[in-house]
Every structure is written in structure tokens, then in C-alpha cells.
Amino acid sequence: ITERTPLLMSAGAGPNGIDFLYSNVRVGNDYEAHLRFLMNVKDPDMDVDYLFLETYAVFSEKVCKALMAGMPIKNLQLVKAVIYENDKEYTGFSIARISKILQSFDEGKSTYKKINRQGSWVGIKKIVMEKTLLTQIPLEERLVFKAKEDTGLKLYHESVVDIIKSVAPKGLRFIPVEEWSRTMTF
């Protein structure tokens with residue numbers, strides 16, 4: 001996320017809301033999520049390939065086409081989105097819905113404050129991946145996934161990152177997991 005990345009939110013509950021993000025049920029190919037900007041944005045810079053919706057990526061059509069052509073990604077569904085703001089409608093974006101949740105962090109080598117009752121890590125400062133555990137999971141199951149330790153963190157395998165980078169996306173930067181920190185600025 002950069003300081004110019006427009007932040008999005010649902011345009012409301014109902015038939016075009018984003019409740020599908022929190023279930024394991026895939027939505028139909030004709031589904032269209034309605035979004036709006038979190039804050040009133042006059043003339044937003046929409047010449048970007050990445051927007052941010054809560055903890056989900058919203059990719060441009062350019063990035064989505066590359067992902068669909070690159071390889072089948074079992075746990076990724078690209079859901080069409082329309083963004084409404086000040087009587088304008090922005091199309092050509094899709095929400096990257098990731099359905100797989102994997103335990104993937106090394107508890108002994110990572111730095112965090114505590115683990116809550118739900119099993120989520122609180123106050124993560126440093127992540128070290130549990131490589132032994134991950135290598136036991138077939139690659140197609142871990143191309144994209146949510147970290148069980150913090151489902152707000154979405155992890156993309158290097159091969160998927162390479163596909164996205166191949167189209168030179170604007171407004172998007174990838175950070176290796178072990179270099180990440182919650183206090184990073186872009």
C-alpha cells in the first residue's frame with residue numbers, strides 16, 4: 001500500500017455486499033461486488049493496478065488477466081467489483097478472494113506478543129516461516145493462502161508474485177514475508 005492507494009469498503013450489505021469474503025462458499029461468476037471509497041475522495045487516482053479492501057487485494061483487469069493466464073490457482077477467486085464515488089463508476093477491478101488458511105509461521109523463531117483464544121497471533125513484529133511444515137503441503141495448495149496465525153495476512157508464492165510483476169503493476173509492491181513488519185511504510 002502506498003500513501004496514494006485508495007482504501008475501499010463495501011457499499012453496503014445485501015446482494016452486492018462483501019459477506020462472501022468471510023465464507024468458504026464461492027460466488028457465481030456473474031457476481032459483482034459494489035464498493036466505495038473509505039473516505040470521500042475527489043477525483044481519485046484510478047490509474048493503479050492495486051486497491052485495498054479491508055485486508056483483501058483488489059486488482060486491476062490487467063493483473064487479473066495475467067493471473068488467469070499464468071497458472072491455475074486453486075484457492076483464489078477473482079470476484080468482479082464496481083467502485084462507486086461521487087456519481088462515478090469505476091470498473092475493471094476484481095477482489096482477490098483467498099479461501100485457503102494454512103498454519104505457516106515458526107512459533108519459536110517469530111516475534112509476537114501473545115496468541116489469543118482463537119489461535120491468532122497478536123502484536124506480530126517478525127515472521128519466520130515454518131518451512132518444514134510448508135514443504136509437506138502440495139505447492140498448488142499454498143500458491144496463495146491466508147496465514148492461520150493472522151488471517152489478515154495474505155501470502156503469495158513467489159511464482160504468483162512473478163506472474164503479477166510480469167505486467168509491471170502500478171501501486172503495488174511485494175515484500176518477502178521475513179522482511180515484513182506491521183510498522184512498514186511504503
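As the structure is a prediction and not an experimental result, all values here were calculated from the model. Residue numbers run from 1 in the order of the sequence given.
Contact of the Glu107 side chain with the Ile115 side chain is registered, since non-hydrogen atoms from C-beta on lie closer than 4.5 Å. Proximity of Thr132 to Gln136: side-chain heavy atoms (C-beta onward) are separated by under 4.5 Å at one or more points. A heavy-atom distance below 4.5 Å is not found between the side chains of Leu172 and Val48. In this structure the side chain of Phe93 reaches within 4.5 angstrom of the side chain of Leu51, judged on heavy atoms. The shortest distance between side-chain heavy atoms of Tyr156 and Ile98 falls below 4.5 Å. Val27 has its side chain within reach of Gln77: a pair of non-hydrogen atoms, C-beta onward, lies under 4.5 Å apart. Taking the side chain as every heavy atom from C-beta outward, Leu67 and Val160 approach each other to under 4.5 Å. The closest side-chain heavy-atom distance from Lys154 to Phe145 is not below 4.5 Å.
Atom NZ of Lys170 sits in a sparse spot, with 12 or fewer heavy atoms from other residues, nucleotides or ligands closer than 6.0 Å. Other residues, nucleotides and ligands place no more than 12 heavy atoms under 6.0 Å from the NZ atom of Lys148. Within a 6.0 Å sphere centred on CD of Glu140, heavy atoms belonging to other residues, nucleotides or ligands number more than 12. Enclosure of atom CG in Asn29 is not indicated, since only 12 or fewer non-hydrogen atoms of other residues, nucleotides or ligands lie within 6.0 angstrom.
At least one donor-acceptor pair under 3.5 Å links the side chain of Glu149 to the backbone N or O of Ser104. In terms of modelled atom types and a separation under 3.5 Å, the side chain of Thr111 and the main chain of Lys125 share no donor-acceptor contact. Looking only at distances, a side-chain donor or acceptor of Thr135 sits under 3.5 Å from a matching main-chain atom of Lys131. The closest donor-acceptor contact from the side chain of Asn116 to the backbone of Ser120 lies under 3.5 Å.
Ile137 CD1 to Gln103 CD: the interatomic distance, rounded to the nearest 0.5 Å, is 9.0 Å. Separation of atoms OG1 (Thr91) and CD (Glu32) is listed at 8.5 Å; rounding is to 0.5 Å. One distance of note links CZ of Arg36 with CD1 of Ile83; it measures 12.5 Å at 0.5 Å rounding. Note that the CD1 atom of Ile127 and the CE atom of Met129 stand 7.5 Å from one another [nearest 0.5 Å]. Between the CE atom in Met46 and the OG atom in Ser60 there is a gap of 10.0 Å [rounded to 0.5 Å]. Remark: Ser99 OG to Lys74 NZ distance equals 9.5 Å, nearest 0.5 Å.
The hydrophobic cluster containing Ile101 does not contain Val79, counting ILVMFWY residues as joined when their side-chain heavy atoms lie under 4.5 angstrom apart, directly or transitively. When the side chains of ILVMFWY residues are joined at heavy-atom separations under 4.5 Å, either directly or via intervening members, Leu133 and Ile124 end up in two distinct hydrophobic clusters. Both Met71 and Phe174 belong to a common hydrophobic cluster when Ile, Leu, Val, Met, Phe, Trp and Tyr are linked at side-chain heavy-atom distances under 4.5 angstrom.
For Lys80 and Tyr31, the positive end is not near the middle of the six-membered ring at less than 6.0 Å and at most 45° from its axis.
Looking at every heavy atom in both residues, Ala66 comes nearest to Ile163 through O-CG2, 3.3 Å. Here the closest non-hydrogen pair linking Ile95 and Tyr56 is CG2-CB, 4.2 Å. The minimum heavy-atom distance between Ala168 and Asp49, with the atom names listed, is O-OD2, 4.2 Å. Minimum interatomic distance between Lys62 and Val167 (heavy atoms only, all atoms of both residues): NZ-O, 3.2 Å.
Listed by chain and residue number, Glu141 satisfy the salt bridge (charged side-chain N to carboxylate O under 4.0 Å, His left out) test with Lys100 (two or more places apart in sequence, or in another chain). With sequence neighbours excluded, the residues that form a ring pair (Phe, Tyr, Trp, His ring centres under 6.0 Å) with Phe105 are Trp121. The side-chain hydrogen bond (donor to acceptor under 3.5 Å, both in side chains) check on Asp30 picks up nothing, with sequence neighbours excluded.
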Could you please spell out the steps behind the side chain to side chain contact (heavy atoms under 4.5 Å, CB included) verdict for Leu155 and Val144? CA-CA 6 Å; Leu155 288 87; Val144 296; over 6 Å; no
Stepwise, does the side chain to side chain contact (heavy atoms under 4.5 Å, CB included) test hold for Leu143 with Leu76? CA-CA 9 Å; Leu143 287 172; Leu76 177 69; over 6 Å; no
Show your working on side chain to side chain contact (heavy atoms under 4.5 Å, CB included) between Leu53 and Leu35 and close with a plain yes or no. CA-CA 9 Å; Leu53 168 67; Leu35 307 174; 4.0 Å; yes
If you apply the rule side chain to side chain contact (heavy atoms under 4.5 Å, CB included), what do you find for Val161 with His157, and how did you get there? CA-CA 6 Å; Val161 171; His157 188 272; over 6 Å; no
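In this structure, Lys126 does not pair ionically with Glu179, as no charged nitrogen and carboxylate oxygen lie closer than 4.0 Å.
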